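Below: one structure, written as structure tokens.
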There are 4 protein chains.
Amino acid sequence: MSKTQPKSELKGPDRSARKRVRKDDRPQEIVAAAFEEFASHGYAGTRLEDVAARAKVSKGLPYLYFKTKEELFKAVVRSVITSHFDTIRNEMESTTLSVEDFLKGPFLKFVQELVCSRRVLIVRLLIAEGHKHPELTAFYFDNVVARGLETLRALIDRGVARGEFRETALRDYPQLLIAPMLMAVIWRALFEHHHHLDTDALLKTHIDLMVDAVRAPQSKGDVS
Amino acid sequence: MSKTQPKSELKGPDRSARKRVRKDDRPQEIVAAAFEEFASHGYAGTRLEDVAARAKVSKGLPYLYFKTKEELFKAVVRSVITSHFDTIRNEMESTTLSVEDFLKGPFLKFVQELVCSRRVLIVRLLIAEGHKHPELTAFYFDNVVARGLETLRALIDRGVARGEFRETALRDYPQLLIAPMLMAVIWRALFEHHHHLDTDALLKTHIDLMVDAVRAPQSKGDVS
Amino acid sequence: MSKTQPKSELKGPDRSARKRVRKDDRPQEIVAAAFEEFASHGYAGTRLEDVAARAKVSKGLPYLYFKTKEELFKAVVRSVITSHFDTIRNEMESTTLSVEDFLKGPFLKFVQELVCSRRVLIVRLLIAEGHKHPELTAFYFDNVVARGLETLRALIDRGVARGEFRETALRDYPQLLIAPMLMAVIWRALFEHHHHLDTDALLKTHIDLMVDAVRAPQSKGDVS
Amino acid sequence: MSKTQPKSELKGPDRSARKRVRKDDRPQEIVAAAFEEFASHGYAGTRLEDVAARAKVSKGLPYLYFKTKEELFKAVVRSVITSHFDTIRNEMESTTLSVEDFLKGPFLKFVQELVCSRRVLIVRLLIAEGHKHPELTAFYFDNVVARGLETLRALIDRGVARGEFRETALRDYPQLLIAPMLMAVIWRALFEHHHHLDTDALLKTHIDLMVDAVRAPQSKGDVS
DNA sequence: CATGAATGAGTCTTCATTCAT
DNA sequence: CATGAATGAAGACTCATTCAT
């Protein structure tokens, strides 16, 4: 009563639209909408109301599934991270291709596609907000970064073991195989309107040069 | 008249003296303080009151020099960008070293230092907020990115012209020389606490591999 | 920027009314306004916006002095408690009157006035909200309740020592001298509109009866 | 038909049986749950969802029986008030004990028990919220306060008529017999953790003193 | 010039209430 | 009847910005 309760005697617009799409995927829809908003405006710049609007639900609904804005943010990050990287990791480990062919084939393809997909936006998000969410950063590090680098290192070592590659410091810094992806993502986000960059070619060039750099001497003749 | 000692020695022994001395670089101090805050908390997460506090000025003073928060932000970005890159660019253009030696010497040194300096934080800031400030992004692109890439390309072309390097697509994607810097910056910001990365070695490895990749066949013997 | 900053280009009503009353008693004014609101609507039922409106300040100002609603509430309680009870306590300890005369004179007067004053509203407030603010309750207990009861007990003991009173359990339960005050406060708050109660007479009757009850036998003749 | 066993034995073995059994007292269970919640958190501080949870029903069910939160609150107050005071009133009117013995016996017992029961919490609730619910306060006044005081006054008058008591103003302020109960209730709610108070002894002391105060001079010998 | 009290629009979050199922 | 997902009004709190002193 009194000031605690809404005085409205006349109620909202269309009460019938509710439950229309209702499913147990409501949380997913909200997470999807939140992803777009977070990706566009950053954490602080995103208003939960806009997330709700984009998900076509009421302002209060996200709070039914996510206790706070931060919870929602974490859910967003986790949902993007989860399982998207398992595929390529599995391929890496089970492929019968030569390492060079794998890098120039499936791996390049994967990275090229990743860079064009909406879910790389999560990378920018983490770059921007990660340090405020240590828990999340740790999660990302453990599930994506650490495992990804490990697999890459194993791949390089295999190349060396198979006599494809010479021994180089690359195995100690597999991050170098990934670095151009960051460049591509950031370029697309910031500079694409100023100057077009063919990220596919960028990535391909990088792989080609890297392979050239580490290729074992005797295999030189095989190339052309 | 301007830099003479204050005439009133009666009030505040050295307080007025300090004031005088600081008067001219007040904006700079505010920008410096703002840089730290923006770098730590992002644009939206930074409170102007904290900036003022860090700069040891009153809450209202920043508004004397910068009409809005965004103006201040732009000033911050500009101040970091300005002139820090001219030096290396000049060196690049006037050096007498071989391109390989230049890359492995002054250039590597520059990048390694940049990565450790506080002013790379601006990179993360731009990654995070750049798309909301097109004007700023354009300014950064024109003054840093475009000119930097141009100079790098010229350097590579010089290497080719001098017979040091073979012709590769690297000249079309000089971003590849910079990409590991992004990796280094981001790693330090997000993952350093999880897993140490020797960024100096990372950067060196990258330059070494890149040079190996593009070095002209006959120049192999010339190196040492 | 963007959604973080107010878009308003046209600003509020009268920007000149500010600072009019400005003094360092602003906090006091806010506390006073808050007292009225809390007393009227309880803790949860009070809107800080109404407090601000009553204090004729903007919605945000209370937060400049009180970090949260609860802080303000505590300040309200403390401000009412502080020092109002010292006077009567001092009188109690330094009076030259007989205990009976003191109880029927200054003490009765004090209680009668207290019951009519606005600051007893704090009692109702504490009854209603106290259990949610243990810190505050402890503060009130230490500063008002414990000290008040102690003084009352000393007074009764003095009456016994002087031969005015016989030894009764009243000294163990000095709360009984205060109980009718609670009745008076609560009655006025809840039932006054239903049925008038002469609280002055109620309180006087209670003191008279209590004194009759504990008066030493030999002093009986002295009464009339 | 109404209380026969459910016909469908197939679904839910005894789940449906329980449902049937509970159906009739659902409102009561909800009121009971609501009482606990209101008593603990006050009106505004109580969430209907918690009430439902405590009553082990769904969030929407209370609305089937009570149109609004306020209706439920009223039902709570009424349910506690109703009929609990008739017993003692009847006793008061039909007892064959002397008034003194009645006060020191059944009446004291009743008050002591009341103070320890959960249903006195309603008193604190009314103190806190009563002024916002005039209707409810009126109901409480008519059914509990007015009738209670009337009966007490009649009791005192009977004491006077029987020559047990002298004529005192107590008959005009029977509230004084009740006042210590308020003290006891409030003390238990707020200060018990700070300092234990033997409320039984408090109440007994009060009755003893009051009776001493009003006892007729000649009846002194009659007592034992 | 410099200060910091004051403003008020905006955002997160809660919860009474409704209603499709 | 019973459920609980969904709604949306309201309130706590923040902070960019202003301006009297």
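Here is how names work: the chains are called A, B, and so on, in the same order as the sequence lines, proteins then strands, and each is numbered from 1. Owing to the predicted nature of the structure, the values given are computational and were not obtained by experimental measurement.
Atoms CD (C/Glu49) and P (F/dA12) sit 9 Å apart, rounded to a whole Å. If you take CZ of D/Phe66 and P of E/dA16, they are 15 Å apart, rounded to a whole angstrom. Summarising the geometry, the separation between CG on A/Leu48 and P on F/dT7 is reported as 14 Å, rounded to the nearest angstrom. In this entry the distance linking OH of C/Tyr63 with P of E/dG8 reads 16 Å, nearest Å. Here the C1' atom of nucleotide E/dT14 and the CG atom of D/Asp50 are 12 Å apart, to the nearest Å. To the nearest angstrom, P of F/dA10 lies 9 Å from CZ of C/Arg47. For C/Leu64 and E/dA6, the CG to C1' distance is 8 Å, given to the nearest whole Å. Straight-line distance from the OH atom of A/Tyr43 to the C1' atom of E/dT11: 12 Å, rounded to whole Å.
Look at E/dT21: its Watson-Crick or wobble partner, with both distances under 3.5 angstrom, is F/dA2. With both pairing distances under 3.5 Å, E/dG10 is matched to F/dC13 as a Watson-Crick or G-U wobble pair.
For D/Arg26, a side-chain nitrogen or oxygen approaches OP1 or OP2 of F/dA2 to under 4.0 Å.
D/Lys132 NZ to D/Glu129 CD: the interatomic distance, rounded to the nearest 0.5 Å, is 4.0 Å. With values rounded to the nearest 0.5 angstrom, A/Arg54 atom CZ is found 13.5 Å from A/Glu29 atom CD. Interatomic distance, A/Phe139 CZ to A/Leu126 CG, rounded to the nearest 0.5 Å: 11.0 Å.
A donor-acceptor contact closer than 3.5 angstrom links the side chains of A/Arg124 and B/His131.
Nearest-nucleotide assignment on DNA chain E puts the 5′-proximal partner with A/Thr68, out of D/Thr46 and A/Thr68.
Under the 6.0 Å distance and 45° angle rule, C/Arg26 does not count as a cation-pi partner of C/Tyr65.
In this structure, A/His133 has its ring center under 6.0 Å from that of A/Tyr43.
Residues D/Phe73 and D/Thr68 form no side-chain contact, since every pair of their non-hydrogen atoms from C-beta on lies 4.5 Å or further apart.
Contacts between residues 52-61 of chain C and DNA chain E, counted as heavy-atom distances below 4.0 Å, involve C/Val57, C/Ser58, C/Lys59, C/Gly60, C/Leu61.
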